[in-house]
Amino acid sequence: MKNIESLTDLFELVDCKATFYDIGRHISKITPAQVIQFDKKMQPYPFAFKQQAWLAILLHPKKADADAEPVIWFIRLPIDEKGSINLGTRDHLIKSIVDRILNKEGDADISDALKDNPYAFQPDHERMASFHATLSVQFKKDSSVYFNQLITYLESDLVEEDTSWQALGLQGIADLAVRANLPKYLTLIKKAIAFAPQPVAVALAKALEHERPDAEYVTFVESIYPTSSNTELRAALIRSVSKATPSVKLLQSIKLSLVTANNQATDDELQLIIAIVAKCPSWFNSDPELLSLSMENLANRNDAYVAFSQIASELSHTPVVRGSLWSLFRGDKRSPKLTQAIGSLFTKAPEQVQ
């Protein structure tokens with residue numbers, strides 16, 4: 001048997017065509033060239049999130065009918081200090097799958113090859129709904145039944161007395177989000193975020209985080225963000241445009257919402273900072289003042305530097321912002337409180353960002 005030295009070799013062994021997606025920070029299709037580069041450790045993994053690669057792999061058995069549904073593997077692998085897939089862990093994953101397949105009598109069953117595997121994971125409901133919606137569009141499948149129910153609801157007057165929104169399905173919201181750049185649906189999306197009950201508006205804004213918004217939607221967020229006093233919606237709005245290049249106007253609004261009387265990040269401000277860290281950390285490079293304000297506020301929280309340590313750890317492992325973070329930490333304009341918080345990083349191991 002040919003040596004199995006990569007994920008690509010593994011899928012050749014089981015005679016499958018593999019299509020890779022990253023479903024960590026955002027749902028992104030990974031090109032065949034990118035797969036080869038990170039699989040052979042020629043390049044860092046391009047979409048690291050929480051120091052891991054969050055992979056969804058569609059496996060199409062080459063001998064199966066063209067209309068057969070693919071098997072989907074969800075695999076999570078650690079990233080090393082250089083941003084690459086940890087090859088030892090990857091090889092352990094490969095060995096565990098090969099052993100399971102070879103020990104199975106008859107044909108290799110890839111559908112349960114990950115059973116009880118420590119690297120397998122189950123995406124949360126929101127991410128799963130968005131992934132299914134993405135696949136339905138890419139493979140030209142029909143939307144879910146929940147989609148038409150949502151459209152019917154959003155085309156109504158959205159009066160406060162109407163509680164029919166409680167019967168809406170999360171899958172329908174994800175189906176609408178992947179169609180956000182179609183003019184007829186963009187109008188309904190803006191209407192929903194502006195006038196629908198908060199749970200609907202927040203769920204839709206969160207689902208939009210996986211899409212690249214057009215200019216009209218970004219302008220809409222710029223206008224509605226400063227008018228909202230609801231922190232959960234504000235955080236969701238940040239997520240909804242996280243694939244866009246932030247405008248000066250939006251960044252200014254976010255910074256104003258982080259300013260507090262004593263430069264201390266309350267739980268509300270913390271929620272906004274987490275949204276940026278989790279979904280668009282590159283924004284800190286776009287605006288060093290945003291990074292400084294966020295870290296100063298975290299350093300002033302009365303939580304024994306727990307939030308500061310978690311977020312500093314995550315950003316220091318995120319290549320796009322690592323340089324800016326350490327420039328801030330080494331700079332001479334930091335406050336005594338930030339200096340003290342930085343010192344705490346070297347006296348205890350931070351917990352993982354949740």
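In this structure, K17 NZ and L58 CG are separated by 10.5 Å, a value rounded to the nearest 0.5 Å. Put simply, CG on L293 and CG on L298 are 9.5 Å apart, with the number rounded to the nearest 0.5 Å.
Under 3.5 Å, the side chains of S96 and N117 contain a donor-acceptor pair of N or O atoms. For the residue pair Y21/Q138, the side-chain donor-acceptor check at 3.5 Å is satisfied. If you check the side chains of S247 and E222, you find a donor sitting under 3.5 Å from an acceptor. Side-chain contact check for N230 and Q198: at least one donor-acceptor pair (N or O, by modelled atom type) lies under 3.5 Å. Counting only N and O atoms by type, the side chains of S335 and E296 include a donor and acceptor under 3.5 Å apart.
For F121 and W54, the gap between ring centers is short of 6.0 Å. Aromatic ring centres of F47 and H26: separated by at least 6.0 Å. Checked against a 6.0 Å centroid threshold, the rings of F11 and W73 count as neighbours.
A 4.5 Å side-chain heavy-atom check between H317 and K50 finds every atom pair outside the cut-off. Between T266 and L270 there is no side-chain heavy-atom pair separated by less than 4.5 Å. Two residues are said to be in side-chain contact when any heavy atoms from C-beta on lie closer than 4.5 Å; N86 and Y45 fail this criterion. With a 4.5 Å cut-off on side-chain heavy atoms, R322 and L315 do not count as touching. The shortest side-chain heavy-atom distance between S130 and I27 falls under the 4.5 Å cut-off.
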- prompt: Passes salt bridge (Lys or Arg N to Asp or Glu O under 4.0 Å), K255 versus D287? Steps please.
  reply: CA-CA 10 Å; K255 286 186 290 187; D287 192 328; 2.8 Å; yes

task: Would you please test Y225 and L256 for side-chain contact (heavy atoms from CB on, under 4.5 Å) and show each step?
output: CA-CA 11 Å; Y225 181 94; L256 286 173; over 6 Å; no

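Residues satisfying the side-chain contact (heavy atoms from CB on, under 4.5 Å) test with S144, not counting sequence neighbours, are Y146, F147, Q171, D175.
Residue pairs that meet the ring pair (Phe, Tyr, Trp, His ring centres under 6.0 Å) test with at least one member in residues 191-217, sequence neighbours left out, are Y217-F220.
Around the NZ atom of K62, the shell of radius 6.0 Å holds more than 12 heavy atoms that belong to other residues, nucleotides or ligands. Around NZ of K141, the count of heavy atoms belonging to other residues, nucleotides or ligands within 6.0 Å does not exceed 12. Crowding of D142 atom CG: a count of heavy atoms from other residues, nucleotides or ligands under 6.0 Å not exceeding 12.
Cation-pi check for R334 over F329 is not met; the charged atom does not lie both under 6.0 angstrom from the ring centroid and within 45 degrees of its normal. Figure legend: cation-pi geometry between K279 and F49, with NZ or CZ positioned under 6.0 Å from the six-membered ring centre and within 45° of its axis.
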